[in-house]
Number of protein chains: 2
Amino acid sequence: MTKENPTLEDVARLAGVSQMTASRALNGRAGVSRETRDEVLRIASDIGYVVNRTAQKLSGGRNGIIGIITPTLDTQFSSELILGAGRAARAAGCEVLVYTMSDEERRTHHDVLGLVRQFSDGVLAILPRESLWLDLLAKANLPVVVIDQRGTMNRLPSVSVDNYGGAQLAVEHLIELGHTRIAFLGGGESIEGVRDRQRGYLDTLSRHGLPHTREWIVPGDLSQMTAFEVASGLLELPEPPTAIFTANDQSAFGAIAAAREAGLRVPDDISVIGFDDIPMAEQFHPALTTVRQPFQQMASSAVNTLLAQVAGHGAGAQRVTFAAELVVRNSTGAAPVARRRSGASRQGRKR
Amino acid sequence: MTKENPTLEDVARLAGVSQMTASRALNGRAGVSRETRDEVLRIASDIGYVVNRTAQKLSGGRNGIIGIITPTLDTQFSSELILGAGRAARAAGCEVLVYTMSDEERRTHHDVLGLVRQFSDGVLAILPRESLWLDLLAKANLPVVVIDQRGTMNRLPSVSVDNYGGAQLAVEHLIELGHTRIAFLGGGESIEGVRDRQRGYLDTLSRHGLPHTREWIVPGDLSQMTAFEVASGLLELPEPPTAIFTANDQSAFGAIAAAREAGLRVPDDISVIGFDDIPMAEQFHPALTTVRQPFQQMASSAVNTLLAQVAGHGAGAQRVTFAAELVVRNSTGAAPVARRRSGASRQGRKR
DNA sequence: ATGAAAGCGCTAACAT
DNA sequence: ATGTTAGCGCTTTCAT
């Protein structure tokens with residue numbers, strides 16, 4: 001199959017029109033009669049014409065490509081978002097190209113930005129954690145939307161989940177199950193979104209008049225391994241918690257492993273609830289109760305915001321926040337009777 | 001910062017040379033005096049010149065961009081490989097752009113190939129499982145290298161791990177630990193690489209004169225959840241195995257969960273060994289003994305093969321296979337002494 | 001509603 | 001060793 005790719009010129013010639021007319025027809029622009037347009041489209045499709053996006057871009061216009069920049073491909077957080085963005089973009093007639101580079105690689109980010117702007121109309125930055133990109137992006141003078149777990153510090157348009165509200169959901173779920181001794185396994189101070197989760201935890205406890213000793217708030221780093229160790233310590237406390245809310249799902253997995261190691265059953269002896277709802281949460285055993293980030297919605301909102309910006313309908317540095325959703329599965333249950341509460345009877349509540 | 005991107009013309013003008021000379025200097029081509037070249041490079045760097053890859057491509061040449069196509073971004077298999085390919089490519093002065101699209105999206109793959117060839121010199125296809133891409137890629141007439149878990153069915157140059165040998169490593173490790181009742185939790189028939197794993201298991205058992213009953217060979221689908229169920233069945237057998245070799249790490253996680261659910265300790269009562277060595281394997285508790293695929297090496301080999309092809313040094317449809325490596329961690333241990341698995345007799349010993 | 005000309009930033013091919 | 005010319009495939013003018 002050595003057939004060269006057909007070009008606009010081929011389409012135009014075959015349709016007996018000028019390239020301009022063919023171009024207009026293909027792009028659905030005005031200025032083409034109904035029947036000319038149909039004819040052009042038919043021919044283009046017949047000969048398998050695919051517009052050359054690089055030429056399109058070079059010639060000064062847009063090319064319908066969204067660049068995604070992300071330093072971390074290995075977290076489900078990014079994967080989900082990229083897949084979602086791809087779907088949303090394609091639904092809008094665009095394509096998505098991903099550029100990824102681990103943070104430790106010492107490549108000048110400046111160059112990367114230059115590269116990205118060459119082949120795309122704008123960029124979606126997926127930044128699970130603080131990143132050097134932010135500043136560069138801010139002064140890069142090209143359409144950009146950030147998907148992150150951060151707060152409002154940057155002036156870039158961004159979408160994120162309501163971390164505070166999600167934490168509240170998680171803690172209230174535990175409280176309804178009768179838990180009063182609820183621990184928080186954190187994810188470090190550096191990520192604002194994670195701090196929000198902790199604030200949500202604290203405030204919800206207070207609101208319900210529940211104690212929150214310093215002992216029950218332990219620091220993790222979002223990794224399963226660290227969570228295992230830290231949770232183990234938690235369980236050796238003279239007054240151990242009956243439920244643990246972890247900063248993310250990975251940490252929840254670690255906490256569950258720790259519980260088991262300590263001879264505890266989940267959820268009978270101790271409940272664990274995570275945050276994110278990565279695909280593995282459902283597969284895990286026991287299936288993890290968690291707070292879901294609506295990845296698909298976030299991605300699609302980000303894409304649309306970006307596309308609007310590209311089209312010039314930029315609405316400034318708006319920040320969109322999506323509600324989190326509680327997903328009840330099997331890692332949480334009624335508080336053990338040893339120190340029960342009135343709510344212990346109403347346990348059968350499924351999603 | 002509304003500064004327009006500097007172009008080759010700017011560099012040339014500032015250096016007082018023609019665009020061609022500037023171009024040659026920047027690309028390290030011959031035909032430029034030492035000092036002219038240095039001057040050009042200095043100026044380019046000064047004004048922050050970044051070559052426009054789309055123009056580069058359009059003008060008929062290569063552009064030093066490698067396209068990666070992968071339908072699955074959500075497996076660590078892909079992530080590892082993409083990161084590795086990026087590193088290798090950049091080391092060779094190239095950039096990598098990822099195009100991803102889930103298989104279920106009904107976008108004509110033909111178009112995608114057209115798109116990819118527009119912005120890249122060649123493509124690396126990361127196909128963890130059978131895929132529609134293969135045929136298209138084969139007749140696409142552009143440089144391509146496949147990284148997969150498959151066998152030799154396709155005529156495309158490809159790199160993969162020695163699945164058979166890896167399985168052998170795994171089983172021999174178990175045998176050395178004294179296990180004789182070794183089960184295999186498979187991953188379906190559709191993926192050739194996975195079938196190789198099973199063959200390796202079978203042959204190794206035979207070679208050591210060990211029994212392999214049909215009962216101990218159970219079908220999975222590479223998912224943790226299925227593995228959990230299937231492994232549970234395995235453990236209820238009248239004569240349960242003392243060790244399980246799973247087709248991949250995810251399945252190992254499921255098997256371990258099943259063992260625990262059945263009141264068994266890993267590795268005291270039962271050993272589990274996976275395949276892949278995804279990052280999570282190390283984080284899991286217990287840390288998973290597994291067979292490592294050398295992702296970084298595979299990626300870098302693939303990149304180099306591809307680059308050679310692009311440069312015209314294509315060595316035909318060569319197939320490169322990398323040795324797998326046994327990584328012993330904590331999920332495997334000596335075979336239990338007693339045939340009983342009541343667990344009551346052998347308490348409290350861990351790791 | 002349609003077309004012609006010019007040019008985006010670069011590099012092959014041919015000068016010199 | 002360096003420069004000139006001619007495009008790559010498209011879209012922007014500015015005609016008609």
Side-chain angles (χ1 to χ4, degrees), chain A residues 4-41 44 47-65 95 114-121 310-312, chain B residues 4-41 44 47-65 95 114-121 310-312:
Chain A
E4 280 307 312
N5 289 356
T7 72
L8 182 61
E9 190 186 354
D10 299 327
V11 177
R13 185 163 23 75
L14 260 28
V17 298
S18 73
Q19 291 196 30
M20 248 349 276
T21 301
S23 171
R24 286 192 264 254
L26 288 164
N27 295 333
R29 305 284 200 83
V32 191
S33 74
R34 189 98 169 72
E35 43 179 34
T36 304
R37 191 230 299 292
D38 290 347
E39 176 65 359
V40 169
L41 292 181
I47 66 176
Y49 172 76
V50 181
V51 63
N52 186 321
R53 307 262 185 182
T54 72
Q56 211 168 25
K57 186 73 188 175
L58 190 58
S59 88
R62 321 187 219 297
N63 65 351
I65 290 194
E95 292 290 348
L115 173 66
V116 170
R117 95 183 331 137
Q118 287 166 13
F119 63 80
S120 68
D121 294 342
V310 171
Chain B
E4 279 308 310
N5 290 355
T7 72
L8 182 61
E9 190 186 354
D10 299 326
V11 178
R13 184 164 24 76
L14 260 29
V17 298
S18 72
Q19 291 197 29
M20 247 351 273
T21 300
S23 170
R24 285 193 264 254
L26 289 164
N27 295 334
R29 305 284 200 83
V32 190
S33 73
R34 189 95 171 74
E35 42 178 33
T36 305
R37 192 230 298 293
D38 290 348
E39 175 66 0
V40 170
L41 292 181
I47 66 176
Y49 171 76
V50 180
V51 62
N52 186 321
R53 307 262 185 181
T54 73
Q56 213 167 24
K57 186 72 190 176
L58 190 58
S59 88
R62 320 188 221 299
N63 66 349
I65 290 195
E95 292 288 351
L115 172 68
V116 171
R117 96 183 330 137
Q118 288 166 12
F119 63 79
S120 68
D121 294 343
V310 171

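Below, chain A is the first sequence line, B the second, and so on; all start at residue 1.
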**Prompt:** What's the spacing between B:Ile65 CD1 and B:Lys57 NZ if we round to 0.5 Å?
**Reply:** 9.0 Å
**Message:** Donor-acceptor pair, distance only, cut-off 3.5 Å: does the side chain of B:Ser120 make one with the backbone of B:Val116?
**Reply:** yes
**Prompt:** Can any side-chain N or O of B:Asn5 pair as donor or acceptor with the backbone N or O of B:Tyr49 at less than 3.5 Å?
**Reply:** no
**Asked** For the side chain of A:Gln118 and the backbone of B:Arg53, is there at least one donor-acceptor N/O pair under 3.5 Å apart?
**Response** yes
**Asked** Can you check whether B:Gly64's main-chain N or O pairs, donor with acceptor, with B:Asp121's side chain at less than 3.5 Å?
**Response** yes
**Fill in**
Result for 5'-nearest mapping on DNA chain D, choosing between B:Ala30 and A:Arg29, is B:Ala30
**Request:** Give one of base, sugar-phosphate or nothing for A:Thr54, where a contact means two heavy atoms less than 4.0 Å apart.
**Result:** nothing
**Prompt:** Heavy atoms under 4.0 Å, any strand shown: does A:Asn27 hit a base, just sugar-phosphate, or nothing?
**Reply:** sugar-phosphate
**Request:** Compare every heavy atom of A:Val11 with every heavy atom of A:Ala22, then report the nearest pair and how far apart it is.
**Result:** CB-CG1, 4.5 Å
**Message:** Below 4.0 Å from chain B heavy atoms, what is the first contacting nucleotide of DNA chain C and what is the last?
**Reply:** C:dG9 to C:dA13
**Message:** Classify A:Arg34 by what it touches in the nucleic acid, base, sugar-phosphate, or nothing, heavy-atom distance under 4.0 Å.
**Reply:** nothing
**Prompt:** Can any side-chain N or O of A:Asn52 pair as donor or acceptor with the backbone N or O of A:Thr54 at less than 3.5 Å?
**Reply:** yes
**Message:** Can you give me the closest heavy-atom contact between B:Arg29 and B:Val32, atom names plus distance?
**Reply:** O-CG2, 4.1 Å
**Prompt:** NA contact type, B:Arg62, heavy-atom cut-off 4.0 Å: base, sugar-phosphate, or nothing?
**Reply:** nothing
**Asked** Would a 4.5 Å heavy-atom cut-off, applied to side chains only, mark A:Val40 and A:Val17 as touching?
**Response** yes
**Complete:** Bounded by its outermost nucleotides with an atom under 4.0 Å from a heavy atom of chain B, the footprint on DNA chain D reads D:dA1 to D:dG9
**Prompt:** Bend across the helix from C:dA1-D:dT16 to C:dT16-D:dA1, to 10°, with axes taken over 5 pairs at each end?
**Reply:** 30°
**Which residue lies more 5' along DNA chain D, comparing B:Lys57 with A:Met20 via nearest heavy atoms** = B:Lys57
**Asked** Do A:Asn27 side-chain atoms and A:Arg24 backbone N/O form a donor-acceptor pair below 3.5 Å?
**Response** no
**Contact nearer the 5' end of DNA chain C, comparing A:Arg24 with B:Gln19** = A:Arg24
**Message:** Just verifying a value: how many Å separate B:Gln56 CD and B:Arg62 CZ, rounded to the nearest 0.5 Å?
**Reply:** 10.5 Å
